[in-house]
Protein chains: 2
Amino acid sequence: MTTVDATALRNPQRPGPRRQEVVAGIKDYILRNRLKPGDLLPTEAELCEAVGASRSSVREAVKILSALDIVEVRHGHGTFVGRMSLNALVESLAFRGLLSGEEDHHVLGQVVDVRQILEQGLAADIISVLDDEHRADLSTLADEMVDLASQGRDFLEVDRAFHLKLMEPLGNDLILQLTEAFWQVQAIVAPTLRTEPEDRLITAQRHRAIVDAATAGDPEALRSAIADHYAPIRTSIARAVQS
Amino acid sequence: MTTVDATALRNPQRPGPRRQEVVAGIKDYILRNRLKPGDLLPTEAELCEAVGASRSSVREAVKILSALDIVEVRHGHGTFVGRMSLNALVESLAFRGLLSGEEDHHVLGQVVDVRQILEQGLAADIISVLDDEHRADLSTLADEMVDLASQGRDFLEVDRAFHLKLMEPLGNDLILQLTEAFWQVQAIVAPTLRTEPEDRLITAQRHRAIVDAATAGDPEALRSAIADHYAPIRTSIARAVQS
DNA sequence: AGGAATTTGTGCGTATGTATC
DNA sequence: AGATACATACGCACAAATTCC
């Protein structure tokens with residue numbers, strides 16, 4: 001036998017375009033066989049035979065599924081079930097932001113809004129699940145950010161780690177991935193703004209304030225600290241819109 | 001002349017796979033020419049010539065971009081700039097939910113968590129921007145839901161309209177689209193649960209309570225009403241996990 | 001109404017690059 | 001290092017859908 005049984009893929013006559021039948025067929029195949037991320041799929045040739053379509057159609061369908069991270073293609077190796085990450089959300093939103101940017105940065109502003117809403121909305125939960133270890137980690141990250149910022153260096157990766165660490169103890173993968181996704185969108189779109197070095201230092205220090213408020217256990221103070229943390233980029237956006 | 005000038009697409013030697021160069025090239029083309037959603041792109045043949053790739057590669061690249069709704073292909077008509085909706089998020093998340101479902105519904109649970117967090121996190125803002133017209137609309141929708149539920153009929157579309165209406169006055173397109181996206185994911189994944197008719201009636205009535213709390217202008221009461229509204233589906237999920 | 005032109009959709013054959021054993 | 005299996009890329013021919021004359 002080959003890699004897997006590919007005969008369970010055939011689906012009766014569906015009206016739509018060929019390529020979309022293949023997309024649905026591959027999805028059905030994954031569901032029917034209870035495949036998990038990382039599992040191997042049939043080869044292109046086997047998929048062709050199974051669904052009765054040509055390589056072109058199968059390839060285009062696989063490309064659509066890979067764009068959604070439903071499958072993952074490794075050149076010369078095979079096609080595997082993907083991790084269904086939110087990369088597609090990042091790609092789509094980031095491009096929308098780049099397209100609307102350059103003049104009016106309203107998409108970037110909306111992303112900042114959502115990030116703030118999520119973190120503020122979770123303030124009470126964050127406090128209630130925060131333990132000493134996470135608090136220490138956050139504190140270290142905040143200190144690193146202030147150090148880097150005071151040296152005039154950027155602290156992108158530390159900032160990313162901080163916001164992920166803040167959400168981590170909640171134990172909700174989706175929230176973690178949304179946090180990551182919106183952070184990435186902002187990281188891609190924000191460079192179209194010119195940011196003042198002073199603002200960067202202020203932003204770094206505001207992370208320190210977030211840790212302090214969380215440590216104090218005051219949800220209202222934490223919500224304020226989070227809002228303050230996003231204030232510099234909001235003013236940057238407002239400044240860019242005026243000019 | 002043809003549709004547009006396609007000669008501004010060429011991009012010098014990039015290391016990656018051919019198809020990905022084409023993806024980047026088409027993105028650059030859209031950005032460089034400041035195209036907006038709905039604008040026409042060059043034909044496949046023109047794109048091939050512009051980027052120096054074969055039609056197969058161009059087509060696969062276009063399919064990737066169409067999966068992200070960055071472009072939209074209309075058979076026999078042409079390729080256009082897409083609306084960059086969050087369909088990709090829905091597809092990816094919904095499939096993840098279907099894959100994890102059938103036994104443990106933890107993805108569905110996380111989606112419910114996020115929906116609740118967003119609505120609760122925005123409770124105060126919702127109250128502060130709510131005007132009489134929106135309140136009346138929400139009230140009508142809630143009544144419709146109770147009517148339908150008491151007749152044993154489903155009220156999917158009304159439910160969708162209600163949650164969108166709740167977010168609408170905030171004036172943030174992204175929040176609106178995220179609300180829509182998560183609602184759709186839940187609508188796709190939730191049918192793998194068997195829901196009791198009683199729960200549906202209770203859910204309908206809880207929308208009435210949300211409107212009342214928002215009208216009263218009490219943020220804390222609104223947050224409670226929102227949490228209560230998601231309680232039935234949470235118990236359905238918990239019940240399914242046990243069995 | 002009808003048919004030609006344009007554009008995307010599909011199928012197939014072949015050659016090449018790449019990873020694994 | 002060689003062999004095998006696989007995805008990648010290219011080019012052409014024809015089908016299907018849409019538009020326009």
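None of the values given here were measured: they were computed from a predicted structure. Naming: A, B, ... by sequence-line order, numbering from 1 per chain.
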Query raised in the report: Side chain of A/Ser56, base of C/dG11: donor and acceptor closer than 3.5 Å?
Result: yes
Query - Close side-chain approach of B/Leu176 to A/Gln110, heavy-atom, < 4.5 Å - result: no
Query - B/Thr43 side-chain N/O to C/dT6 phosphate OP1/OP2 under 4.0 Å - result: no
Requested in this report: Assess the side chains of B/Ser57 and B/Glu60: does a donor N or O sit below 3.5 Å from an acceptor N or O?
Outcome: no
Compile the donor-acceptor pairs under 3.5 Å between side chains in residues 63-76 of chain B and protein atoms, sequence neighbours left out, one pair per line.
from: B/Ser66; atom 1: OG; to: B/Lys63; atom 2: O; distance (Å): 2.9
from: B/Asp69; atom 1: OD2; to: B/Ser85; atom 2: N; distance (Å): 3.1
from: B/Asp69; atom 1: OD2; to: B/Ser85; atom 2: OG; distance (Å): 2.7

Requested in this report: Could you tell me the separation between the CD atom of B/Gln20 and the C1' atom of D/dA9, rounded to a whole number of Å?
Outcome: 15 Å
Query raised in the report: In whole Å, what is the span from the CG atom of A/Leu41 to the P atom of D/dA5?
Result: 19 Å
Report summary line: In whole angstroms, the gap separating C1' of D/dT19 from CZ of B/Phe80 amounts to 11 Å
Query - Near-strand residues of residues 61-71 of chain A, defined as heavy-atom separation under 4.0 angstrom from DNA chain D - result: A/Lys63
Query raised in the report: Within this structure, what is the CG-to-C1' distance between B/Leu40 and D/dT18, rounded to whole angstrom?
Result: 13 Å
**Report entry** Phosphate-side-chain proximity, B/Arg74 and C/dT8, N/O vs OP1/OP2 below 4.0 Å
**Finding:** no
Report summary line: In short, ring-ring contact (aromatic ring centres under 6.0 Å, His included) pairs touching residues 78-115 of chain B with sequence neighbours left out are B/His77-B/Phe80
Report summary line: On a heavy-atom basis, the closest approach of B/Leu170 and B/Ile126 is CD2-N, 4.0 Å
Requested in this report: Measure from CZ on A/Arg59 to P on D/dC6 and round the result to the nearest Å.
Outcome: 14 Å
Report summary line: Residue pairs meeting salt bridge (charged side-chain N to carboxylate O under 4.0 Å, His left out), one or both in residues 165-193 of chain A, sequence neighbours left out, come to A/Asp137-A/Lys165, A/Arg160-A/Glu180, A/Lys165-A/Glu168
Report summary line: Of the candidates D/dA9, C/dG11, C/dG9, the side chain of B/Val73 sits closest to C/dG9
Query raised in the report: side chain to side chain contact (heavy atoms under 4.5 Å, CB included) with B/Arg194: which residues, sequence neighbours excluded?
Result: B/Glu196
Query raised in the report: A/Val58 or B/Ala45: which one's nearest nucleotide on DNA chain C is closer to the 5' end?
Result: B/Ala45
Query raised in the report: Is B/Thr79 near enough to C/dT8 that one of its side-chain N or O atoms lies under 4.0 angstrom from OP1 or OP2?
Result: yes
Query raised in the report: Whole-Å distance between D/dA16 P and A/Arg18 CZ?
Result: 11 Å
Query raised in the report: B/Leu47 CG to C/dG9 C1': how many Å, rounded?
Result: 16 Å
Query raised in the report: Could you write nucleotides 14-21 of chain C as a row of B, S and -, 5' to 3', where a protein heavy atom under 4.0 Å of any base atom gives B, of only sugar-phosphate atoms gives S, and otherwise -?
Result: ---BBS--
**Report entry** Below 4.0 Å: OP1/OP2 of C/dG9 and any side-chain N or O of A/Arg19
**Finding:** yes
Report summary line: Sorted by chain and number, sequence neighbours left out, salt bridge (charged side-chain N to carboxylate O under 4.0 Å, His left out) with A/Asp39 holds for none
Query raised in the report: Nearest-Å distance, CD (B/Glu46) to C1' (C/dT6)?
Result: 11 Å
Query raised in the report: What pairs with B/Glu44 under side-chain hydrogen bond (donor to acceptor under 3.5 Å, both in side chains), at least two apart in sequence or on another chain?
Result: B/Arg55, B/Arg59
Report task. Go through the structure and list residues passing salt bridge (charged side-chain N to carboxylate O under 4.0 Å, His left out) with B/Arg234, not counting sequence neighbours. Result -> B/Asp113
